[in-house]
Amino acid sequence: MIAYLLRLAVKAVVTLFAIVTVTFVATRLSGNPIDTFLGEGLTAEGRQALIDYFELDRSLWHQYIAYLRGVLSGEFGLSFVDRRPVTAVVLERLWPSGQLLLASVALTVVVSVTLGVLAAVYRRSWIGSAVMVVAFAGYAVPSFILAIVMVLTFSYWLNWLPVVGNDTWRHFIMPTIAMSGVLIAALTRFTRNAMLDVLGQDFIRTARAKGLGELRVVLKHGLGNASITVISVIGLQIAGLAAAGSVVVESIFSWPGVGQMLVNAAILRDYPVLQFGVIAVAVAVVAINTLTDIAYALADPRIRLARA
Amino acid sequence: MLRNPPVLSVKNLHVAFGSVEAVHGLSFDIHRGETLALVGESGSGKSATALSILRLIEREGGRITEGSIRLATSQDPDTTVDLASLAPAALRKIRGDRIAMVFQEPMTSLNPVMTIGAQLGETLMLHRGLRGRAAREAARAALARVRIPEPERRLDQYPHELSGGLRQRVMIAMALVCEPDVLIADEPTTALDVTTQAEILELIEGLQRKLGMAVLFITHDLGVVSEIADRVLVLKDGDLIEEGRKSDLFAAPQSDYARELLAATPRLGDGAPAPLADPEPVLQLRDIVTSYGGGGPFSRKAPVTAVRGVSLTLGRGETLGLVGESGCGKSSLARTVMRLVDPVSGEVDLLGSQIEALDHKALKAHRAKIQMVFQDPYAALNPRMMVRDLVTEPAYLHGMVPDGGRAAMARDLLERVSLPADAENRYAHQFSGGQRQRLCIARALSVSPQIIVADEAVSALDVSTARRVTDLMARIQREEGVSFLFISHDIAVVERVSHRIAVMYEGEIVELGEAAQVLHAPRHAYTRRLLAAVPRVNTNMTFAGDASEAHAPRAHVPS
């Protein structure tokens, strides 16, 4: 297990280094970032000042080393808009995004694992079919449609739920559902397939031959094994959610998170914030993937006990 | 004669899968201390019967449509409950407690994410209410009873940390943890090596004597039956063909089918083909070493050497049998000969050409000379290709037949393996296992190879089917002079086809010689051990001469 964790750590560090480098290369490849992000309306002197500030006239190699040095010492520059360090700008946005992500993940796991297990156990009855119909339908509805329909229904017509902000638990309801919708649909189907696979295995027959009740056969022996495959998919999906899902949902509900900040930074061409925001999201994705690998090992002794 | 009531009595059992009936009215009794063997080939309904007793069949898509399965209650042997109509909750109390089961596949029958101790403890908690230290102690005792070394340590291990033989011992320990009245063993040794099989059979027999339980033993292998059974039921296509004491069945089978089955069962000592007089060598291996892994700088594992310096020669028109247990390196050797893996060192001389170092392009011309037939005929044939294209594909790839000539070639090949010519328009799934293996042989023959490597080619087939396939191979050898490298774990099958036999153990050939010499005057200790473990079908068996019956105190068995 220790060797496994060490391998994960090395993997995470290498991935992060690659991300930081790709971020640098991508911004430099797309032309002079001053022109790209600030465009017209800049005086020649102002432009030169910025070029000097970012050392854009130096060699790429020099810029890269300077950039890496900045990354390692936590210096990512100042926001163009409010002149604060970008780290502070982004960090204050992380927690609201994290809260929304955690709520969505919790909802997704609880709902889709329950539905997926039901769909597998009752695959030959109407219950299984109903679950699958709902899952297919959910898969077809993009999160922004779901969000807008919910806002219209529960806020404008029924006036039950608030739309803007993140002050109370009632603010969480619609954004969480909007974030989870597609994920629940996907994960329900995945859990069902994983459970069907496991329930057909020989050791399930062994468990029944022992005289165990169905509940224990399905949950302990069935889900215990299906969770290995389900975990790996959950990890990937959450990572995708952290990277992309939050942008749409946070914009619709004015959620003060990283996604909304990225959109605003793009509109205002706040280039340092954008760059660090992307890195922050990437770090979150790597962290989620690493946690997934650890959970995977905890669920599967064959991984956990493998010789290094 | 005083008769004890049977512990389990099956009457007029009918089992159906959908609208297809798999068992047509089977009746039998089992008594305490008795081993009843249910024998039959695939599709005979033997496993359906075994699964019906605990009503596990319902989970496999089948159902009991008629009949009763009466189990004597533990309080009073004269009163019974009918398992066929028992409520699920009451049935669960009997499963694992009074009737327990051991399955064929020890590799997949244990839960991979639970420790051995937890899996044993589950049964103890359920039926005995034991938990914590008491459960652990009982689980340890159960493992000790099946003679698992270091039982205490095993409790905290997971199934993947144990070998196949140990896992099957764990399965047996788990089945016996509540000391059941009836043990149902469904092909419990079929997936195991012959030496491990011998140990497991001996173990089951010993525990039966100790616990006095009844054993229902399901198997396709008459050799195993002759080792373990008291009485035998022979099933075919869901019907009872013959029932009787083991000694009677083997000495004088009443039905044609039982006679056929006995004749088809390979028996050690039946005689091998006479060795050829100095045949011209077609394949020569010199000091072959093959290992896996450990190659690249990122490899985490040390290389595993599967073949350690093997040298052998195969003559024209000769069959060389290669026997050994799982993991001995026999399949790796076959793959090396085929250049599916590259040897680390050594020479492969195929018809005068050294092929061990040729690149893919240069190798292609040689590939037509040597072909392979694999173990699993279901996996070895592309389900989307028509038989015509399947069997002629190698010849087509080697440019030996134009596209227009494939149909004619396919008909010729099918005839040579005794399949109907109209089979060319069908797909692989429309054939039985034995027919598919014929298709594989036809495919190998399409390029007129001088050598066919048959890797466990009949191991997945029923005995009568296997017999027909080996007969076919012998005929092809007679008519076309093909040499076979015949690889099998089953030494009796190897004897039937081989002029010479090579015994492989831990990557080395420990003994190589004429078949009769290896089997009758083995020189190496491992060969002797292997031979001793093979179950013998003894037709001269008499009641008094049966050692297991002599020891066993048994209830009276109705004849």
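Predicted model only: the values in this text are computed from it and were never measured. Here is how names work: the chains are called A, B, and so on, in the same order as the sequence lines, proteins then strands, and each is numbered from 1.
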Turns out that what part of B:L110 lies under 4.5 Å from chain A's heavy atoms comes down to backbone
Bottom line for B:E60: the part with an atom under 4.5 Å from chain A's heavy atoms is side chain
Turns out that what part of A:A207 lies under 4.5 Å from chain B's heavy atoms comes down to neither
Distance col, row B:L56:CG vs A:I204:CD1, nearest 0.5 angstrom, shows 12.0 Å
Per-residue tally against chain A (heavy atom, under 4.5 Å) across B:Q119, B:K93, B:E105, B:M101 peaks at B:Q119
Would you find more than 12 non-hydrogen atoms of other residues, nucleotides or ligands less than 6.0 Å from A:Y64 atom OH?
yes
Residues of residues 178-189 of chain B with a heavy atom under 4.5 Å from any heavy atom of chain A, in residue-number order, are none
Applying a strict 4.5 Å limit to non-hydrogen atoms, the region of B:M107 in contact with chain A is neither
Counting neighbours of CZ on A:F136 that are heavy atoms of other residues, nucleotides or ligands and sit closer than 6.0 Å, is the number greater than 12? no
_Residue B:R131 excluded, over 12 heavy atoms near CZ under 6.0 Å_ = no
message = Are more than 12 heavy atoms, taken from residues, nucleotides or ligands other than B:F17, located less than 6.0 Å from that residue's CZ atom?
response = yes
Most heavy-atom pairs under 4.5 Å with chain A, out of B:L126, B:T123, B:I99, B:I94, belong to B:L126
Per-pair distances, 0.1 Å, donor-acceptor, side chain in residues 211-231 of chain A, under 3.5 Å, sequence neighbours excluded:
{"from": "A:E214", "atom 1": "OE1", "to": "A:R208", "atom 2": "NH2", "distance (Å)": "3.2"}
{"from": "A:E214", "atom 1": "OE1", "to": "B:R59", "atom 2": "NH2", "distance (Å)": "3.4"}
{"from": "A:E214", "atom 1": "OE2", "to": "A:R208", "atom 2": "NE", "distance (Å)": "2.7"}
{"from": "A:R216", "atom 1": "NE", "to": "B:E122", "atom 2": "OE2", "distance (Å)": "2.8"}
{"from": "A:R216", "atom 1": "NH2", "to": "B:E122", "atom 2": "OE2", "distance (Å)": "3.0"}
{"from": "A:H221", "atom 1": "ND1", "to": "B:N111", "atom 2": "ND2", "distance (Å)": "2.9"}
{"from": "A:H221", "atom 1": "NE2", "to": "B:E122", "atom 2": "OE1", "distance (Å)": "2.9"}
{"from": "A:H221", "atom 1": "NE2", "to": "B:E122", "atom 2": "OE2", "distance (Å)": "2.7"}
{"from": "A:N225", "atom 1": "ND2", "to": "A:H221", "atom 2": "O", "distance (Å)": "2.9"}
{"from": "A:N225", "atom 1": "ND2", "to": "B:N111", "atom 2": "OD1", "distance (Å)": "2.7"}
{"from": "A:S227", "atom 1": "OG", "to": "A:L223", "atom 2": "O", "distance (Å)": "3.3"}
{"from": "A:S227", "atom 1": "OG", "to": "A:G224", "atom 2": "O", "distance (Å)": "2.9"}
{"from": "A:T229", "atom 1": "OG1", "to": "A:A226", "atom 2": "O", "distance (Å)": "2.9"}

Closest heavy-atom pair, B:P112 versus A:P301, reported as atoms and distance to 0.1 Å, is O-CG, 3.3 Å
Open item on the list: Would A:R205 and B:F103 count as a cation-pi pair here, with the cationic atom under 6.0 angstrom from the ring centre and within 45° of the axis?
Closed with: yes
All heavy atoms of B:S109 vs all of A:D202, minimum pair found to be OG-CB, 3.7 Å
